[in-house]
Amino acid sequence: MPLTAPAFEPFGVVIQPPGGPGRVINAGSARRFELAPDLQLHALDGRASLSLFRAQARSFPQTLTVLERHALGSQSFIPLGVRRFVIVVATAGAFPRAQDLRAFVTDGMQGVMLAPGVWHHALLAVDAGDFAVIERAADAVDCEESTLPQPVLLSLDLPSR
Ligand SMILES: NC(=O)N[C@@H](O)C(=O)O
Ligand code: NI
């Protein structure tokens, strides 16, 4: 389903230009929009880290077998350039059943911030390219993976670009 802020609210924040005029900054040469006021990256001595994922385009349908979560911090994916991706998520808490999964397709300009603990599939790029990733980093890796009891086939019906 297309990615909208209300639909994604249980899983995190959609990173996109919000409506409204924003706040004029830099002597009027720019407008500032607050997108995610707290990325929640500092639990247990966590650090805010920025990395770049150079992703290959995934082929669809895609068979999903493993989900993961980062319990102690959020994880944000921001396309560098027009890059669509699919974000497969389930709410934080118990490991999800297949019917609990939700898949959203971005419009190429949107990014997402996954709230801490939200179950998700690793990045599924529709268009190959670079994504900036902001996440919590610490001495101990915070990435719990779990295998779905049954693989889930993710099909996409995308308009050609
Ligand atoms: N493995 C890794 O750094 N990426 C995952 O956390 C992901 O959600 O793509
Ligand atoms: Ni992740």
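Just so you know, ligand 1 is whichever comes first in the structure, and atom 1 is the first atom listed for that ligand. Predicted, not measured: the structure shown is a model, and the values here were computed from it.
Per-residue contacts place His70 under 4.0 angstrom from the following atoms of ligand 1 (heavy atoms of the residue considered): 6 (O).
Between Asp139 and Asp45 the shortest side-chain heavy-atom distance does not fall below 4.5 Å. Residues Ser146 and Arg69 fail the side-chain proximity criterion, which asks for heavy atoms closer than 4.5 Å. Leu124 is listed as a side-chain neighbour of Leu154, based on a closest heavy-atom distance under 4.5 Å.
To the nearest 0.5 Å, atoms CD1 (Ile87) and OG1 (Thr106) are separated by 9.5 Å. Here the straight-line distance linking atom CE of Met109 with atom CZ of Arg83 works out to 11.5 Å at 0.5 Å rounding.
Among all non-hydrogen protein atoms, the one lying nearest atom 3 (O) of ligand 1 is Phe53 CZ, 3.4 Å. Among protein heavy atoms, the minimum distance from atom 5 (C) of ligand 1 is reached at Glu68 OE2, 2.9 Å. Regarding atom 9 (O) of ligand 1, its nearest protein heavy-atom neighbour is Leu123 N, 3.1 Å.
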Donor-acceptor pairs under 3.5 Å, side chain of residues 2-30 to any protein atom, not counting sequence neighbours: which ones?
unit_1: Thr4; atom_1: OG1; unit_2: Ala7; atom_2: N; d: 3.3
unit_1: Gln16; atom_1: OE1; unit_2: Gln110; atom_2: NE2; d: 2.7
unit_1: Ser29; atom_1: OG; unit_2: Asn26; atom_2: O; d: 2.7

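Polar contact with ligand 1: absent for Phe77 (N/O pair, distance under 3.5 Å).
In this structure, Arg136 contributes its side chain and Ala43 its backbone to a donor-acceptor pair below 3.5 Å.
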* To do: Begin with the C-alpha distance, continue with both residues' side-chain angles, and end with the deciding distance and a verdict on side-chain hydrogen bond (donor to acceptor under 3.5 Å, both in side chains) for His121 and Gln62.
  => CA-CA 11 Å; His121 191 279; Gln62 181 81 202; 5.4 Å; no
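Looking only at protein N/O/S atoms, the ones less than 2.8 Å from the Ni ion (ligand 2) make 4 in total.
Of the heavy atoms in His120, only side-chain atoms (C-beta onward) come closer than 4.0 Å to ligand 1.
Atom CD of Gln150 has 12 or fewer neighbouring heavy atoms from other residues, nucleotides or ligands inside a 6.0 Å radius.
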